[in-house]
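So the structure is just underneath, and the comments pick up after that.
Quantities reported herein were computed from a predicted structural model and do not represent experimental measurements.
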Amino acid sequence: MKIVVIGAGMGGMMSAARLAKAGHEVSLYEASDRVGGKLHTEWIGKVAFDTGPSLLTLPAVYKDFFARTGKHLGLLCEIETVDPSFDYRFADGTNVNFANLSRHHTLNNLRAAYGESVSRQWDQLMRRAEKMWDVSREPFIENELRSPLSLLKRFSLIRDLKIIAPWKTLRNFATEELADEHLRYILDRYATYSGSDPRKAPAVLSTIAYVEESFGAWHIKGGLGTLATLVHERAEKVGVAFHLNSAVASINIKRGKATGITLENGEVVNADAVIANADASLIYNKLITGKIRKIKKVRKNLEKADASLAGFSLLLGMRKDDLAPLNHHTVLFPKDYDAEFDAIFTHKQPVTEPTIYICAPGDDAMSKDELLEGWFVLVNAPAHGAHSFDWNNAEFARTYANSIIDQIESRGISIRSRLESMTIRTPADLENAVRAPGGSIYGTSSNGPRAAFMRAKNRSPIKSLYCVGGSAHPGGGLPLVGLSAEMVANAIGSAQNGQPLKSH
């Protein structure tokens with residue numbers, strides 16, 4: 001088959017490579033001059049920053065991709081364990097480290113910081129999250145989600161539904177299971193991994209905590225963006241033709257079937273199948289124009305869905321302080337976490353005292369000067385846009401950046417005395433860089449029990465059109481996007497010959 005892919009994000013490149021490996025003719029068109037989408041390691045001066053994902057969980061998804069398309073991942077780069085995986089610090093002055101791949105150590109750390117009963121609460125929560133993962137993994141995450149009915153047929157018993165508790169929010173779940181506020185804050189944070197509000201997101205998101213603990217938190221030497229480079233090289237090696245700086249104007253549809261694309265320069269590219277690795281709202285509202293009955297429902301779902309969180313970030317070039325090095329991931333929780341969700345989801349305003357995430361990889365391959373290191377600082381923010389917050393005000397961005405630095409310093413971490421350079425990135429910048437509407441990191445959020453079904457399906461209602469990437473099923477984040485690519489490649493394989501794709 002002749003297959004056209006729109007967008008060189010991870011989902012687009014990985015589905016393209018799998019299909020090229022299986023013998024299809026695949027060409028990929030990317031609007032910008034670089035590959036990887038939101039996954040990017042960026043050099044500013046002498047230091048590098050992971051400006052998108054800064055952690056790899058479920059590395060098996062990527063190991064499988066490389067094993068099936070050529071040389072194994074472990075032969076191409078150095079995958080390092082991040083330990084502790086997180087250093088959580090609270091407004092009351094206490095802190096706790098979550099160990100990598102060891103519940104035993106995490107529970108010991110919780111016991112030392114907050115006592116036996118708190119340690120026991122987290123252990124019980126993880127046991128419940130493990131059961132949720134076992135029940136939800138296959139139908140929700142490893143397979144295409146067609147409809148609620150198809151899902152109900154898969155559940156073996158009422159018991160499975162009871163375990164997942166789709167009627168429960170993550171916050172309800174935390175309130176029931178965790179008497180300790182520190183633990184509730186930690187669990188709430190997993191909603192933000194999918195750009196969501198814990199007071200609306202489903203309880204099943206607690207499985208992310210279990211996955212992180214069981215499959216580990218990993219860093220790739222030289223920065224996570226190395227993974228994008230390696231996937232790009234692999235895709236080229238198996239025959240994918242890349243066209244950068246080639247923006248797509250429209251997906252062409254004839255009698256309810258996708259027949260190819262038209263580029264912004266007017267060139268028409270015909271294809272047997274089209275894979276769109278773009279935000280779902282762009283696919284269905286901009287690349288496909290006019291009234292098409294088949295996609296009325298999809299457009300309606302997209303309209304109803306909440307935009308996910310966006311991010312305001314600081315890229316700080318710092319002089320090293322060997323006496324007080326930070327862990328790879330530090331999270332500074334505020335006094336009032338709810339105020340953060342109210343600001344973003346209700347008032348659509350920047351958060352006055354946000355949760356502050358600092359990524360300081362301590363990777364010597366990410367600095368060309370042994371005295372310097374890069375810190376990536378991220379806070380959750382409302383999306384950019386007319387119906388949200390206007391992030392184009394450079395003066396506001398500078399003032400806000402300074403207030404975040406003040407808050408970090410007030411927690412005993414010195415910045416200003418060591419600062420060499422500072423680059424500010426707002427949601428408006430992300431929107432411009434990767435065509436993410438509003439700078440929303442994950443497309444739509446997982447707010448509400450039906451959110452998973454509102455997400456764009458991998459098989460579009462339009463024949464021969466497929467959706468891949470963070471705003472399509474099963475969702476955002478490196479592992480899920482990798483699984484999305486596998487599902488799309490398999491769907492095209494089975495549409496062609498009744499058999500899922502097998503590429504060895």
Side-chain angles (χ1 to χ4, degrees), residues 8-10 13 30 32-57 59 62 73-74 76-87 217-234 244 311-322 324-331 356-379 397 401 404-405 408 413-416 418-427 429-430 432-434 436 439 441 477-478 481:
M10 297 302 278
M13 292 197 293
E30 163 61 40
S32 76
D33 60 357
R34 66 173 179 83
V35 302
K38 296 184 187 99
L39 178 65
H40 188 42
T41 301
E42 184 176 342
W43 284 88
I44 296 176
K46 292 180 174 174
V47 285
F49 303 87
D50 279 330
T51 57
S54 56
L55 188 68
L56 179 62
T57 50
Y62 285 82
L73 181 60
L76 302 169
C77 63
E78 214 175 307
I79 306 173
E80 303 174 327
T81 171
V82 176
D83 198 16
S85 49
F86 286 96
D87 176 356
W218 306 89
H219 173 71
I220 292 181
K221 198 161 177 64
L224 261 281
T226 306
L227 198 55
T229 309
L230 293 173
V231 169
H232 176 220
E233 285 169 1
R234 176 59 50 85
L244 302 185
F312 178 89
S313 56
L314 307 177
L315 284 54
L316 307 178
M318 305 278 289
R319 283 190 296 283
K320 283 184 185 168
D321 176 0
D322 293 330
L326 278 188
N327 283 314
H328 195 121
H329 299 289
T330 303
V331 177
I356 300 170
Y357 163 79
I358 306 169
C359 178
D363 176 350
D364 54 17
M366 293 176 76
S367 176
K368 290 172 182 160
D369 181 335
E370 58 187 35
L371 301 176
L372 297 178
E373 62 179 346
W375 288 10
F376 177 72
V377 177
L378 177 70
V379 301
I404 287 163
I405 290 176
I408 297 172
I413 299 168
S414 67
I415 289 185
R416 286 197 173 87
R418 301 164 50 194
L419 194 60
E420 287 281 310
S421 69
M422 174 167 84
T423 306
I424 298 170
R425 292 281 160 78
T426 71
D429 295 324
L430 186 68
N432 293 335
V434 296
I441 301 173
L478 282 175
V481 165

| Which heavy atom in Glu30 sits nearest to a heavy atom in Ala8, and how many Å separate them? | OE1-N, 2.7 Å
| note | For Val377, the side chain to side chain contact (heavy atoms under 4.5 Å, CB included) test, sequence neighbours excluded, returns Leu314, Leu316, Ile356, Ile358, Ile404, Ile408
| said: Please report the interatomic distance CG(Leu73) to CD1(Ile79), rounded to the nearest 0.5 Å. | reply: 4.0 Å
| request: Apply side chain to side chain contact (heavy atoms under 4.5 Å, CB included) to Ala217 and list each qualifying residue two or more places apart in sequence or on a separate chain. | output: Leu55, Val82, Ser85, Asn100
| Closest approach of Phe49 to Gly374 (non-hydrogen atoms, all atoms of both residues) | CE2-CA, 3.5 Å
| For the student: nearest non-hydrogen atoms of Ala365 and Lys221, plus distance | CB-CG, 4.1 Å
| task | Could you tell me whether Lys320 atom NZ has more than 12 heavy atoms of other residues or ligands within 6.0 Å of it? | result | yes
| field | Atom pair CG/CG of Asp87 and Leu326 - distance to nearest 0.5 Å | value | 8.0 Å
| task | Look up atom CG in Leu39 and atom CZ in Arg34, then write down how far apart they are to the nearest 0.5 Å. | result | 8.5 Å
| query | With a 4.5 Å limit on heavy-atom distance, are the side chains of Val379 and Tyr357 in contact? | reply | no
| Leu76 side chain near Arg234 side chain, heavy-atom distance below 4.5 Å | yes
| Derivation and outcome, side chain to side chain contact (heavy atoms under 4.5 Å, CB included), residues Ile220 and Leu230 | CA-CA 11 Å; Ile220 292 181; Leu230 293 173; 5.7 Å; no
| So which of Lys368, Lys46, Arg319, Arg418 actually passes salt bridge (Lys or Arg N to Asp or Glu O under 4.0 Å) with Glu373? | Arg418
| remark: Those residues at least two apart in sequence (or on a different chain) that pass side chain to side chain contact (heavy atoms under 4.5 Å, CB included) with Ser313 are Leu315, Phe376, Leu378, Arg425
| What heavy-atom pair brings Asp363 and Gly222 nearest, and what distance separates the two atoms? | OD2-N, 2.6 Å
| task | Using modelled atom types only, decide if a donor and an acceptor are shared between the side chain of Asp429 and the backbone of Thr426 within a distance under 3.5 Å. | result | yes
| query | Between OG of Ser54 and NE2 of His328, what distance do you get to the nearest 0.5 Å? | reply | 6.0 Å
| Minimal non-hydrogen separation, Ala401 against Ile424, with atom names | CB-CD1, 3.7 Å
| What's the shortest heavy-atom distance between Ser367 and Trp43, and which atoms? | N-CH2, 3.8 Å
| request: State the CG-NE2 distance between Asp50 and His219, to the nearest 0.5 angstrom. | output: 6.5 Å
| request: Under the side chain to side chain contact (heavy atoms under 4.5 Å, CB included) rule, what do Ile405 and Met422 come out as? Steps first, then yes or no, please. | output: CA-CA 11 Å; Ile405 290 176; Met422 174 167 84; 3.6 Å; yes
| task | Would you confirm whether Tyr62, through its side chain, and Val231, through its main-chain N or O, come within 3.5 Å as a donor-acceptor pair? | result | no
| task | With rounding to the nearest 0.5 Å, note down the distance linking CG in Leu419 to CE in Met318. | result | 6.5 Å
